[in-house]
Amino acid sequence: MKFLVINGVNLARTGKRERGVYGAESLEEVNSQLSAFVKAHGHDVDFFQSDVEGELCARLGQAEGNYDGVVLNAGAYTHYSYAIRDAIAGISVPVVEVHMSNVYAREDFRKHSVLTEVCKGEVLGFGKKSYQLALESFWL
Ligand code: DQA
């Protein structure tokens, strides 16, 4: 199987911003560990990051027919982007929503996701392992 991991706004600064919340490893380090994990299980993975809402929507659209599953951490867009929600609803590829932090233990605005309803499922609160668990869900 082939998967796409998408990271949205501000996630390129993982390892630099709010380390106590998101950890000290860079997104490149996290992605290379994920790549090794997925390949060790006989699958393939691509990565995409953008701070631009429209680019995230376009990449989701391009996933149609090209991937067996998408793992998406939309960052703060999670809480208000109807455009990303519609992009997910508009493809048949299953999308798993991911958050590194436990959004329910944080500010109130983080407790609502406009994406969850159109996602296959959600994994949150396990730091970088949230991505791994989300990917595993496709083959376990
Ligand atoms: C996040 C949680 C969001 O609320 C926040 O805006 C992020 C990261 C997470 O991975 O925990 O940028 O998606």
Side-chain angles (χ1 to χ4, degrees):
M1 287 190 278
K2 190 166 182 189
F3 306 108
L4 174 64
V5 175
I6 300 180
N7 278 284
V9 62
N10 291 318
L11 287 153
R13 299 199 68 252
T14 302
K16 296 190 187 89
R17 68 158 186 158
E18 299 184 81
R19 288 181 178 195
V21 180
Y22 304 119
E25 286 174 284
S26 69
L27 190 62
E28 292 68 31
E29 287 170 320
V30 171
N31 285 349
S32 92
Q33 291 160 21
L34 280 176
S35 178
F37 173 76
V38 169
K39 283 175 184 155
H41 284 85
H43 305 294
D44 234 328
V45 63
D46 287 337
F47 297 93
F48 180 74
Q49 190 279 328
S50 178
D51 286 349
V52 181
E53 189 180 26
E55 289 181 4
L56 296 166
C57 294
R59 196 70 184 88
L60 282 161
Q62 289 158 7
E64 183 81 341
N66 293 311
Y67 295 97
D68 298 292
V70 173
V71 166
L72 171 67
N73 185 350
Y77 287 141
T78 302
H79 311 298
Y80 64 90
S81 175
Y82 298 123
I84 293 176
R85 180 194 168 106
D86 283 353
I88 298 167
I91 57 174
S92 60
V93 188
V95 177
V96 174
E97 179 180 344
V98 157
H99 302 286
M100 287 186 274
S101 64
N102 177 357
V103 286
Y104 297 106
R106 301 182 64 195
E107 300 95 328
D108 280 347
F109 76 88
R110 295 185 205 277
K111 292 178 183 151
H112 182 64
S113 164
V114 299
L115 309 182
T116 313
E117 275 181 5
V118 291
C119 286
K120 187 176 181 208
E122 183 184 23
V123 180
L124 62 95
F126 297 101
K128 66 178 181 180
K129 267 200 288 181
S130 292
Y131 295 98
Q132 187 180 313
L133 294 166
L135 283 161
E136 255 186 330
S137 74
F138 288 113
W139 67 77
L140 282 183

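On a predicted model such as this, the values are computed, not experimentally measured, just so you know. Values below: all heavy atoms of this structure, side chains included; hydrogens, waters and symmetry mates excluded. Counting starts at 1 for both ligands and their atoms, following the listed order. Positions are given from 1 along the sequence.
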**Message:** Using heavy atoms and a 4.0 Å limit, tell me yes or no: is Val103 in contact with ligand 1?
**Reply:** yes
**Complete:** Rounded to the nearest 0.5 angstrom, the CG-CG distance for Leu72 and Leu4 is 9.0 Å
**Prompt:** Taking all non-hydrogen atoms of both residues, which atom of Ala74 and which atom of Leu115 are closest, and how far apart?
**Reply:** CB-CD1, 3.8 Å
**Request:** Output the list of atoms in ligand 1 that are nearer than 4.0 Å to some heavy atom of Arg17, sorted by atom number.
**Result:** 7 (C), 8 (C), 12 (O)
**Request:** May I ask you to identify the nearest protein heavy atom to atom 1 (C) of ligand 1, giving residue, atom name and distance to one decimal place in Å?
**Result:** His99 ND1, 3.7 Å
**Residue part near ligand 1, for Leu124, under 4.0 Å between non-hydrogen atoms** = neither
**Fill in**
of all protein heavy atoms, closest to atom 11 (O) of ligand 1 is Ser101 OG, 2.6 Å
**Prompt:** Looking only at side chains, do Glu97 and Ser113 share a donor and an acceptor under 3.5 Å apart?
**Reply:** yes
**Prompt:** Is there any N or O on His79 that sits under 3.5 Å from an N or O of ligand 1?
**Reply:** yes
**Request:** Can you sort out which atoms of ligand 1 are near Met100, meaning under 4.0 Å from one of its heavy atoms?
**Result:** 9 (C), 10 (O), 11 (O)
**Request:** State whether the shortest distance between N or O atoms of Leu11 and N or O atoms of ligand 1 falls below 3.5 angstrom.
**Result:** no
**Request:** Check ligand 1 against Asn73 and write out every atom of the ligand that is under 4.0 Å from a heavy-atom position of the residue.
**Result:** 1 (C), 9 (C), 10 (O), 13 (O)
**Request:** Classify the side-chain pair Thr14/Glu25 by whether it contains a donor and acceptor separated by less than 3.5 Å.
**Result:** no
**Minimum-distance protein heavy atom relative to atom 5 (C) of ligand 1** = Arg110 NH1, 3.2 Å
**Residues Arg59 and Ser50: side-chain donor-acceptor under 3.5 angstrom** = no
**Asked** In terms of the angle between their ring planes, are Phe3 and His43 parallel, tilted or perpendicular, with boundaries placed at 30° and 60°?
**Response** perpendicular
**Request:** On the 0 to 90° scale, with breaks at 30° and 60°, tag the His79-Phe109 ring pair as parallel, tilted or perpendicular.
**Result:** perpendicular
**Item:** Separation of Gln132 CD from Leu34 CG (nearest 0.5 Å)
**Value:** 7.0 Å
**Asked** Of the protein's non-hydrogen atoms, which lies at the shortest distance from atom 7 (C) of ligand 1, and what is that distance?
**Response** Tyr22 OH, 3.4 Å
